[in-house]
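Written out below as structure tokens is the structure these notes cover.
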Amino acid sequence: MEAAGDGEGPGCGCKGIRSCLLCEGPAQAAPPPQGEDNFTYCPATGLAIGNEHSEFAGWAFPFPGVFLAEEFISQDEESEIVELMDQDDWKPSQSGRKKQDYGPKVNFKKQRLKAGSFTGLPSFSKKLVAQMKACSVLGGFFPVEQCNLDYMPERGSAIDPHFDDWWLWGERLVSLNLLSQTVLSMSCDSEDSIQLFPTWSQENRERSPLGSPRQTSACRNPGEEGNDCVLSPRFVPSKEVTVAIHLPRRSLVVLQGAARYKWKHGIHRRHIQHRRVCVTFRELSAEFSAGGKHEELGKELLERALSFQGRPV
């Protein structure tokens, strides 16, 4: 959740090092260009596959913790939802976005929160939450907060790579992508290395099946007749790897596990080519759930949230 800042441009919510096209004046240098993602997530296999024109072409690695459901809602449902959103005000947010928050007032640094004027999720979300129950990875998912974000290319909208808080918010982050397709870029600051496996043999350049890594070994006698020569596994620093998760229009994406806690997620400015609205739902952490330190407060927040009588706070 974000607080509007004192941006320099009209309708700008940028602060700190963040900027957008509204506040980047002629004398102010634009943000440095961001490199292309070098892997792409494959929903069918759960693998991150090296992009054709990158140095990792022909390599892949398992990328767990992502669930993607295409056409989660219909085009008519999408139009109705956005029309209802636009009846309320959008507040300026950072990096060229606008937002609508449905949730408690939170100071994440000091780990303090107040229910304040939070009256629940909006009425149109009741149907969305019910539909989520059909997703295998969303059993027992009860959203306690909803954040709508509006992206426009004219504002240079983007969001820096980041982790969502895990003091208040729980395991699963759920986002519905509306109005246009985009790319969720995953990056990692870990000092660990990632083990890649080849998706083709060195002998015939044919791709291996992408269901599971092949057991490979180095060529002892390259060129020897009959030698089944394949590439050895390759280790690369995590910091050198970025994974693109393509989000079609009206798709639902869930991040959990490693994709939630090890990999940062962000959206680059270049991936916003038309208006895009993102609806993100968050659940409570264990600390605010049954048996947790703040169980009673969590129960109160959840009761408010699931009344579906809320207005943006």
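On a predicted model such as this, the values are computed, not experimentally measured, just so you know.
Ion pair D88/R311 flagged as a salt bridge, since at least one NZ, NE, NH1 or NH2 atom sits closer than 4.0 Å to an Asp/Glu carboxylate oxygen. For D189 and K264, the salt-bridge test passes: some basic side-chain N is under 4.0 Å from an acidic carboxylate O. Ionic pairing of D86 and R275 is present here: one or more N-O contacts between side-chain nitrogen and carboxylate oxygen are shorter than 4.0 angstrom. Between E24 and R269, at least one side-chain N (NZ, or NE/NH1/NH2) sits under 4.0 Å from a carboxylate O, which counts as a salt bridge. With respect to E77 and K127, a salt bridge is recorded, a charged nitrogen being found less than 4.0 Å from a carboxylate O. A salt bridge does not link K299 to E295: none of the charged nitrogens lies less than 4.0 Å from a carboxylate oxygen. Between R270 and E36 there is a salt bridge, since at least one side-chain N of the basic residue sits less than 4.0 Å from a carboxylate O of the acidic one.
Between K133 and L138 there is no side-chain heavy-atom pair separated by less than 4.5 Å. At least one side-chain heavy atom of V241 sits under 4.5 Å from a side-chain heavy atom of F61. K91 has its side chain out of reach of Q100: every pair of non-hydrogen atoms, C-beta onward, lies at least 4.5 Å apart. Looking at heavy atoms from C-beta onward, I159 lies out of side-chain contact with Q94 at the 4.5 angstrom threshold. Looking at heavy atoms from C-beta onward, S285 lies out of side-chain contact with W169 at the 4.5 angstrom threshold. Between V279 and L178 the shortest side-chain heavy-atom distance falls below 4.5 Å.
Between the side chains of R249 and N177, no donor N or O sits under 3.5 Å from an acceptor N or O. Side-chain contact annotation: S238 with D192, donor-acceptor N/O pair under 3.5 Å absent. Under 3.5 Å, the side chains of Q146 and S125 contain a donor-acceptor pair of N or O atoms. No donor-acceptor contact under 3.5 angstrom links the side chains of S187 and T242, judged on distance only. With 3.5 Å as the limit, one finds a donor-acceptor pair spanning the side chains of S185 and D37.
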With side chain to side chain contact (heavy atoms under 4.5 Å, CB included) as the test, would you mind laying out the steps for W90 and V277 before giving the verdict?
-> CA-CA 11 Å; W90 290 91; V277 170; 4.2 Å; yes
Show your reasoning for whether salt bridge (charged side-chain N to carboxylate O under 4.0 Å, His left out) applies to R155 and D150.
-> CA-CA 10 Å; R155 298 194 300 265; D150 180 286; 2.7 Å; yes
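The hydrophobic cluster containing L255 does not contain W166, counting ILVMFWY residues as joined when their side-chain heavy atoms lie under 4.5 angstrom apart, directly or transitively. Put simply, Y261 and V66 are part of two different groups of oily side chains (I, L, V, M, F, W, Y) that touch within less than 4.5 Å, one to the next. Both F108 and L113 sit in one connected hydrophobic cluster of ILVMFWY residues. Membership requires side-chain heavy atoms under 4.5 Å apart, directly or through other members.
For the pair P62 and F197, the tightest heavy-atom approach, listed with the atom from each and the gap, is CD-CE2, 4.1 Å.
Counting non-hydrogen atoms of neighbouring residues, nucleotides and ligands closer than 6.0 angstrom, the CD atom of E171 exceeds 12 such neighbours. Within a 6.0 Å radius of CG in D89, other residues, nucleotides and ligands contribute 12 heavy atoms or fewer. Sparse packing is recorded around CD of E70, with 12 or fewer heavy atoms of other residues, nucleotides or ligands lying under 6.0 Å away. Within a 6.0 Å sphere centred on CD of E80, other residues, nucleotides and ligands contribute 12 heavy atoms or fewer.
Outside the 6.0 Å centre-distance limit, the rings of W59 and F39 are not counted as a close aromatic pair.
Within the structure, ring pair (Phe, Tyr, Trp, His ring centres under 6.0 Å) pairs that include any residue of residues 288-313 comprise W167-F288, F288-H294 (at least two apart or interchain). Sorted by first then second residue, the ring pair (Phe, Tyr, Trp, His ring centres under 6.0 Å) pairs that include residues 123-148, not counting sequence neighbours, number zero.
Residues passing the side-chain hydrogen bond (donor to acceptor under 3.5 Å, both in side chains) test with H53: none are found, sequence neighbours excluded.
Only one option out of L284, L306, L121 pairs with V144 in a side chain to side chain contact (heavy atoms under 4.5 Å, CB included); it is L284.
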